[in-house]
Every structure is written in C-alpha cells, then in structure tokens.
S.K.: 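Can you keep this structure in mind? I'll have questions shortly.
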Amino acid sequence: VALNDMAPSGNFANDGVVSAAKIWRVSHAHNVDFMDKANWVSLDTLVCATDGALIFGNAQVSSLKEIGFYDDSLAGAPISAGHALALVCLAIFGLSIAQELLKCVCFFEALLMVPRNLNKTRVAVNGDEFMLISIGFCRLLVMLGTLCLRLWIAGTLLYAGGRWLSNTSSLSDLLLNCAALVFVLELDELLYMTLVPSFVQGIVSRLQPLP
C-alpha cells in the first residue's frame with residue numbers, strides 16, 4: 001500500500017503545496033504592489049528564479065527548492081534522490097517491523113513450551129539462576145493479551161507508518177519520521193529500563209532462557 005501511494009516526484013499535491021501555490025499566484029504573484037518596480041519584474045518571476053533576497057514570497061521559494069531537492073536525479077540512477085531516500089526509509093522501517101514480529105513469534109513459541117499450572121506460577125532456584133517450572137493460566141492469559149497488543153501495534157504501525165512515509169515529500173522530514181516510527185517500537189524497552197525496579201530487573205536477568 002505504501003509503495004502504491006508513493007509518487008516518484010513526491011506527494012506535494014497531497015501536502016497542499018500545489019493548492020497554496022495556485023492561491024498565491026492569483027493573490028500575490030502578479031500583483032503590481034509586490035513587483036520589483038525598478039526592473040519591472042513580477043514577484044512570480046523572482047520566485048521562479050529562487051531569488052534569496054526577497055522580502056515577500058520566501059515560503060514559495062522554499063517550496064520550490066524543496067521540490068528541486070526531491071526531484072534531483074542520482075548519478076546513473078533512473079529515480080530521483082527523494083524517491084530513493086523514501087524507499088530506503090521504508091525498507092529500514094519494514095525491517096524494524098519484521099524484527100518486532102519475529103520477537104512476537106518467538107515469545108509465543110516459548111509460552112507454548114512452558115508447562116501450565118491451574119493456580120500459580122512456579123519458579124525453581126538453580127545455583128545463581130532461576131528456572132521457570134510452570135506458569136499459571138491467569139498469567140498465561142495476561143502474556144497472550146500482551147502478545148496480541150504487540151501484534152496489533154506492529155500491524156497498525158506497518159500500515160499507517162508506511163503510508164505516512166510514502167506521503168512525506170520533505171527529505172529532512174523523511175529521516176525524522178522514519179526515526180520516530182522506529183522509536184515507537186523501542187518504547188517498551190525504554191519503559192522497562194526506566195519504570196521497573198532494579199530488583200525486578202535483576203530477577204529477570206537471572207532467569208534461565210526458556211527452552
């Protein structure tokens with residue numbers, strides 16, 4: 001879906017750049033009050049020349065430069081620089097989602113391997129480590145609910161985040177948006193390291209890996 005939404009020349013029309021330019025052209029571009037009266041040059045001509053000394057029309061000059069940066073062709077490549085960067089960001093984001101899904105699959109397989117107990121979870125001491133003997137059904141249901149939540153978040157991010165990246169036309173915003181989406185996947189680790197007491201983290205670190 002994201003690749004289908006991506007336009008090789010950017011989605012500036014969806015960003016409102018084209019509609020804003022049409023309104024500006026009627027209201028300011030050919031208005032006598034905004035022209036260079038010394039040389040009798042309209043504001044529209046100065047903006048198209050990306051004149052950096054303008055007092056009016058700076059937003060339009062920035063938009064033109066942004067479009068130019070996006071549409072610049074890479075050396076020896078049939079696609080533009082912006083399109084190539086968007087594909088790279090989508091690939092990085094897709095790999096992050098794939099890693100999260102793989103973690104969910106491994107976690108589900110580990111839950112299936114642990115014996116279930118009707119009442120409570122049992123843990124045995126093996127030297128300096130702890131070994132999980134069985135897990136209670138209530139705790140198992142909580143873990144399965146957490147797993148479903150992780151899968152839902154990953155799926156939602158894959159769809160919504162992919163479309164968001166494919167509709168981003170600014171090169172700087174592409175990198176920032178990609179980093180923000182990947183950060184969301186790392187938020188659970190950040191919350192664990194920050195909010196969980198060090199005593200509990202020590203117990204978890206001493207727990208033997210599940211078979």
Side-chain angles (χ1 to χ4, degrees), residues 1-7 11 14-15 82-211:
V1 175
L3 293 176
N4 186 50
D5 286 347
M6 187 188 303
N11 289 282
N14 294 335
D15 292 341
H83 197 200
L85 181 60
L87 290 175
V88 170
C89 289
L90 280 174
I92 294 173
F93 176 60
L95 290 175
S96 301
I97 292 291
Q99 184 184 30
E100 178 68 15
L101 295 177
L102 183 59
K103 289 180 180 179
C104 291
V105 171
C106 293
F107 182 65
F108 180 67
E109 291 178 347
L111 286 178
L112 294 180
M113 296 296 294
V114 178
R116 266 78 67 188
N117 190 298
L118 182 60
N119 297 321
K120 57 184 179 180
T121 301
R122 296 175 54 202
V123 178
V125 179
N126 184 13
D128 293 335
E129 297 181 334
F130 298 102
M131 183 172 57
L132 185 62
I133 303 299
S134 62
I135 185 172
F137 277 107
C138 292
R139 195 178 298 272
L140 178 63
L141 292 177
V142 172
M143 293 297 100
L144 289 176
T146 304
L147 178 62
C148 292
L149 180 61
R150 290 178 63 181
L151 289 173
W152 179 78
I153 292 175
T156 303
L157 278 177
L158 179 62
Y159 177 77
R163 297 199 65 179
W164 186 32
L165 287 177
S166 65
N167 284 283
T168 301
S169 300
S170 173
L171 298 186
S172 58
D173 288 346
L174 266 174
L175 296 175
L176 291 175
N177 294 345
C178 182
L181 289 171
V182 174
F183 172 75
V184 174
L185 296 175
E186 303 295 332
L187 190 59
D188 56 341
E189 298 287 342
L190 179 63
L191 292 176
Y192 172 79
M193 297 299 296
T194 306
L195 301 180
V196 176
S198 57
F199 172 74
V200 178
Q201 294 185 27
I203 293 177
V204 173
S205 63
R206 293 168 61 187
L207 191 65
Q208 290 183 355
L210 296 174

S.K.: Which atom pair, heavy atoms only, marks the closest approach of Leu165 to Cys178?
M.R.: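 Residues Leu165 and Cys178, closest heavy atoms: CD2-N, 3.7 Å.
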S.K.: Roughly how far, to the nearest 0.5 Å, is CD1 of Ile203 from CG of Leu207?
M.R.: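 The CG atom of Leu207 sits 9.5 Å away from the CD1 atom of Ile203.
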S.K.: Counting only heavy atoms not in Phe108, do more than 12 sit closer than 6.0 Å to its CZ atom?
M.R.: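 Atom CZ in Phe108 is not crowded, with 12 or fewer foreign heavy atoms closer than 6.0 Å.
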S.K.: Assess whether atom CZ of Arg150 is packed by more than 12 heavy atoms of other residues, nucleotides or ligands within 6.0 Å.
M.R.: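 Correct, the count exceeds 12.
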S.K.: Closest heavy-atom contact between Gly162 and Leu90?
M.R.: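 The answer is O-CD2, 3.7 Å.
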S.K.: Just how far is it from atom NZ of Lys103 to atom CG of Leu185, taken to the nearest 0.5 Å?
M.R.: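 Rounded to the nearest 0.5 Å, the NZ-CG separation comes out at 8.5 Å.
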S.K.: If you look at every heavy atom in Leu151 and Cys104, which pair is closest and at what distance?
M.R.: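 Looks like CD2-CB, 3.7 Å.
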S.K.: Assess the residue pair Trp164 and Leu181 against the criterion (side chain to side chain contact (heavy atoms under 4.5 Å, CB included)); give the C-alpha distance rounded to whole Å, side-chain angles, the decisive distance to 0.1 Å, and a yes or no.
M.R.: CA-CA 10 Å; Trp164 186 32; Leu181 289 171; 4.0 Å; yes
S.K.: Could you pull out the closest heavy-atom pair between Leu174 and Cys89, with the gap in Å?
M.R.: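 Shortest heavy-atom separation between Leu174 and Cys89 comes out as O-SG, 3.9 Å.
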S.K.: Start with the C-alpha distance between Phe93 and Leu157, add both sets of side-chain angles, then the distance that settles side chain to side chain contact (heavy atoms under 4.5 Å, CB included), and finish with yes or no.
M.R.: CA-CA 9 Å; Phe93 176 60; Leu157 278 177; 4.2 Å; yes
S.K.: Could you tell me whether Lys120 atom NZ has more than 12 heavy atoms of other residues or ligands within 6.0 Å of it?
M.R.: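 Not more than 12 within 6.0 Å, no.
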S.K.: Enter the distance from Leu111:CG to Leu140:CG here, rounded to the nearest 0.5 Å.
M.R.: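 One finds 6.0 Å between CG of Leu111 and CG of Leu140.
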S.K.: Do Tyr192 and Val204 touch side chain to side chain, with heavy atoms closer than 4.5 Å?
M.R.: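 SC-SC contact between Tyr192 and Val204 confirmed.
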S.K.: Does the side chain of Leu187 come within less than 4.5 Å of Leu190's, by heavy atoms?
M.R.: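 Sidechains of Leu187 and Leu190: in contact.
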S.K.: Looking only at non-hydrogen atoms, find the nearest pair between Arg206 and Asp128 and report the distance.
M.R.: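 Nearest pair, atom of Arg206 first, then Asp128: NE-O, 2.8 Å.
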S.K.: Any sub-3.5 Å donor-acceptor pair from Gln201's side-chain atoms to Val196's backbone N or O?
M.R.: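 Checking the backbone N and O of Val196 against the side chain of Gln201, a donor-acceptor pair under 3.5 Å is found.
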S.K.: I need the Leu102 CG to Leu95 CG distance, nearest 0.5 Å.
M.R.: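 Between Leu102 CG and Leu95 CG, I get 12.0 Å after rounding to 0.5 Å.
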S.K.: About how many Å separate CG of Asn126 and CE of Met131, when rounded to the nearest 0.5 Å?
M.R.: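 So the gap between those two atoms works out to 5.5 Å.
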S.K.: So, taking the atom named CG in Leu87 and the one named CD1 in Ile92, what distance separates them when rounded to the nearest 0.5 Å?
M.R.: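 Between Leu87 CG and Ile92 CD1, I get 11.5 Å after rounding to 0.5 Å.
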S.K.: Please find the pair of heavy atoms, one from Arg116 and one from Leu112, that lie closest to each other, and give the distance.
M.R.: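 Heavy atoms only, the tightest pair is NH1-O, 3.0 Å.
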